[in-house]
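This report concerns only the one structure given below.
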Amino acid sequence: MTSLADFPITRKWPAQHPDRIQLYSLPTPNGIKVSAFLEEAGLAYEPHLVDFGSSDQMTPEFLSLNPNNKIPAIIDPNGPDGKPFGIWESGAILIYLAEKTGQFLPEDPAGKYETIQWLMWQMGGLGPMSGQLGFFHKFAGREYEDRRPFERYRDEVKRLLGVLDQRLEGREFIMGADYTIADMASWPWLRTLSGFYEAAEHVDLATRKNVLRWFEACMARPASQKAVNIPARG
Ligand SMILES: N[C@@H](CCC(=O)N[C@@H](CS)C(=O)NCC(=O)O)C(=O)O
């Protein structure tokens, strides 16, 4: 596609600023990762609210960009080769934006792939396991008589937090002194586990001192403070 207007999603969510990155999202943990990056990098972008209450993510317009019916998704009007480029999956978006801007991802190959390793740890571990724990602890799954699914995800999240705690021993952020996309991918899940999911006690968060210290530092960043409310809920 050669122009932003060629993307059918723009019919439902018209661009007021077609020169800016178009963000289709909601401030959930996966959505916040991307708004956190955009705010940190100071990129010009236009947020569009994808309202789950109206099943916006299931509309043909949304599915034309992300057939997987999940936020976040973006279109960069100035993508590779100067052409508009749509991309979804929060981890892929973070890598894309980091490489585009040269920020929040080390340039040296070892540092770069180690950061991606921790990003993938979040994408395949901390995120999905926490999401399942949320379902079995806070949402419909909490009514299930069989507690084994809850216990399984609780124990797995507990284990993952232990791994993160160990990694953060003697390190300010996951990669050391520098805040990277690995941190941006992970702290929004800590926020949801202890906040919305009310699961902190179940996963022994209070004993994970390094995680707690790191989480406070990530959340205190001005970009994080803004990101947690972007796009503003209607
Ligand atoms: N692996 C995906 C997961 C995205 C995801 O699960 N998004 C949720 C909100 S946090 C969603 O859009 N759910 C809507 C639905 O499943 O219909 C990513 O990281 O982008």
Side-chain angles (χ1 to χ4, degrees), residues 9 12-13 21-41 43 45-59 61-63 65-75 86-97 104 118-142 153-154 156-157 160-161 164 181-200 202-203 205 211 215 218-219 221-234:
I9 193 168
K12 185 168 172 63
W13 288 277
I21 290 175
Q22 304 291 302
L23 169 70
Y24 308 93
S25 191
L26 191 70
T28 66
N30 290 316
I32 290 168
K33 297 174 193 176
V34 174
S35 35
F37 187 104
L38 293 165
E39 285 295 326
E40 289 282 352
L43 285 167
Y45 71 101
E46 182 174 346
H48 300 279
L49 184 74
V50 179
D51 182 4
F52 291 171
S54 313
S55 296
D56 279 353
Q57 77 278 25
M58 306 307 278
T59 58
E61 291 90 346
F62 187 83
L63 294 171
L65 178 61
N66 182 357
N68 195 39
N69 65 268
K70 289 186 190 290
I71 62 94
I74 65 166
I75 302 174
I87 183 163
W88 45 274
E89 275 295 325
S90 58
I93 298 172
L94 289 175
I95 296 172
Y96 172 73
L97 292 174
F104 305 108
W118 281 100
L119 174 67
M120 295 299 157
W121 171 87
Q122 183 288 312
M123 292 297 294
L126 185 65
M129 296 304 117
S130 299
Q132 295 299 329
L133 175 60
F135 176 80
F136 287 104
H137 174 56
K138 178 93 193 264
F139 306 111
R142 121 183 144 235
Y153 294 114
R154 177 202 60 197
E156 182 59 2
V157 173
L160 288 162
L161 292 181
L164 182 59
I181 55 174
D183 303 293
M184 280 179 221
S186 300
W187 69 255
W189 277 103
L190 260 296
R191 177 174 176 270
T192 293
L193 272 173
S194 58
F196 192 39
Y197 289 177
E198 300 171 349
H202 294 281
V203 295
L205 189 56
V211 172
F215 175 62
C218 293
M219 274 295 294
R221 298 175 73 89
S224 306
Q225 295 287 314
K226 282 175 107 180
V228 296
N229 293 312
I230 295 173
R233 290 179 193 265

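Everything numeric here is computed off the predicted structure, so don't read it as measured data.
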Say you draw a straight line from CG of Leu193 to CZ of Phe215; how long is it, rounded to the nearest 0.5 Å? 9.5 Å
Evaluate the side-chain proximity of Ser186 to Trp118: yes if any heavy-atom separation is below 4.5 Å, no if none is. no
Any side-chain heavy-atom pair from Ser25 and Val34 closer than 4.5 angstrom? no
Note: Leu133 and Ala199 closest approach over all heavy atoms is CD2-CB, 4.1 Å
Please confirm whether the backbone N or O of Ile21 pairs with a side-chain atom of Glu46, one donor and one acceptor, at under 3.5 Å? no
Hey, could you give me the CD1/NE2 distance between Ile75 and His48, rounded to the nearest 0.5 Å? 8.0 Å
Validation row, ring centre Tyr24 to ring centre Phe62 under 6.0 Å: no
In this structure, OG of Ser130 is separated from CG of Leu190 (nearest 0.5 Å) by 8.0 Å
Is any side-chain heavy atom of Phe37 closer than 4.5 Å to one of Leu43? yes
Ala36 versus Trp187, closest heavy-atom pair with distance: CB-CZ2, 4.1 Å
Starting from the C-alpha separation in whole Å, work towards a yes-or-no answer on side-chain contact (heavy atoms from CB on, under 4.5 Å) for Thr192 and Ile32. CA-CA 11 Å; Thr192 293; Ile32 290 168; 5.9 Å; no
Is a donor on one side and an acceptor on the other found under 3.5 Å between the side chain of Asp56 and the backbone of Val50? no
So how far is it from Ile181 CD1 to Glu40 CD, rounded to the nearest 0.5 Å? 12.5 Å
Do any N or O atoms from the side chain of Asp51 and from the backbone of Gly53 form a donor-acceptor pair under 3.5 angstrom? yes
Considering all heavy atoms, the nearest Leu63-Met58 contact: CD1-O, 3.3 Å
Looking only at heavy atoms, what is the nearest atom pair of Val228 and Pro27, with distance? O-CB, 3.3 Å
How about Ile9 and Thr59: do any of their side-chain heavy atoms sit closer than 4.5 Å? no
For Trp88, enumerate each residue passing the ring pair (Phe, Tyr, Trp, His ring centres under 6.0 Å) test, keeping only those at least two apart in sequence or located in another chain. none
Test side-chain contact (heavy atoms from CB on, under 4.5 Å) applied to Leu94 and Phe104, step by step: CA-CA 9 Å; Leu94 289 175; Phe104 305 108; over 6 Å; no
Do the non-hydrogen side-chain atoms of Tyr45 and Ile230 ever get within less than 4.5 Å of each other? yes
Minimal non-hydrogen separation, Leu205 against Ser194, with atom names: CD2-CB, 3.9 Å
Would you check, one step at a time, whether the test side-chain contact (heavy atoms from CB on, under 4.5 Å) holds for Gln122 with Lys33? CA-CA 11 Å; Gln122 183 288 312; Lys33 297 174 193 176; 2.9 Å; yes
Mind telling me whether Phe136 and Tyr153 have parallel, tilted or perpendicular rings, with 30° and 60° as the class edges? parallel
The side-chain hydrogen bond (donor to acceptor under 3.5 Å, both in side chains) partners of Arg191 (sequence neighbours excluded) come to none
Atom NZ of Lys226: over 12 foreign heavy atoms under 6.0 Å: no
Could you tell me whether a side-chain N or O of Ser224 sits under 3.5 Å from a main-chain N or O of Cys218, the two making a donor and an acceptor? yes
Between Glu39 and Arg221, is there a side-chain heavy-atom distance shorter than 4.5 Å? no
Student check: side-chain heavy atoms of Phe52 and Ile71 closer than 4.5 Å: yes
Determine yes or no for a side-chain-to-main-chain donor-acceptor pair under 3.5 angstrom, with Lys138 supplying the side chain and Phe196 the backbone. yes
Close side-chain approach of Trp13 to Leu49, heavy-atom, < 4.5 Å: no
Out of curiosity, Lys70 NZ to Thr28 OG1, how far, rounded to the nearest 0.5 Å? 10.0 Å
Spacing of CD1 belonging to Ile74 relative to CG belonging to Leu65, to within rounding of 0.5 Å: 9.0 Å
Set out, in order, the CA-CA distance, both residues' side-chain angles and the distance that settles side-chain contact (heavy atoms from CB on, under 4.5 Å) for Leu23 and Leu38, then state yes or no. CA-CA 9 Å; Leu23 169 70; Leu38 293 165; 4.0 Å; yes
List the atom of Gly131, the atom of Trp189, and the distance in Å for their closest heavy-atom pair. N-CZ3, 3.8 Å
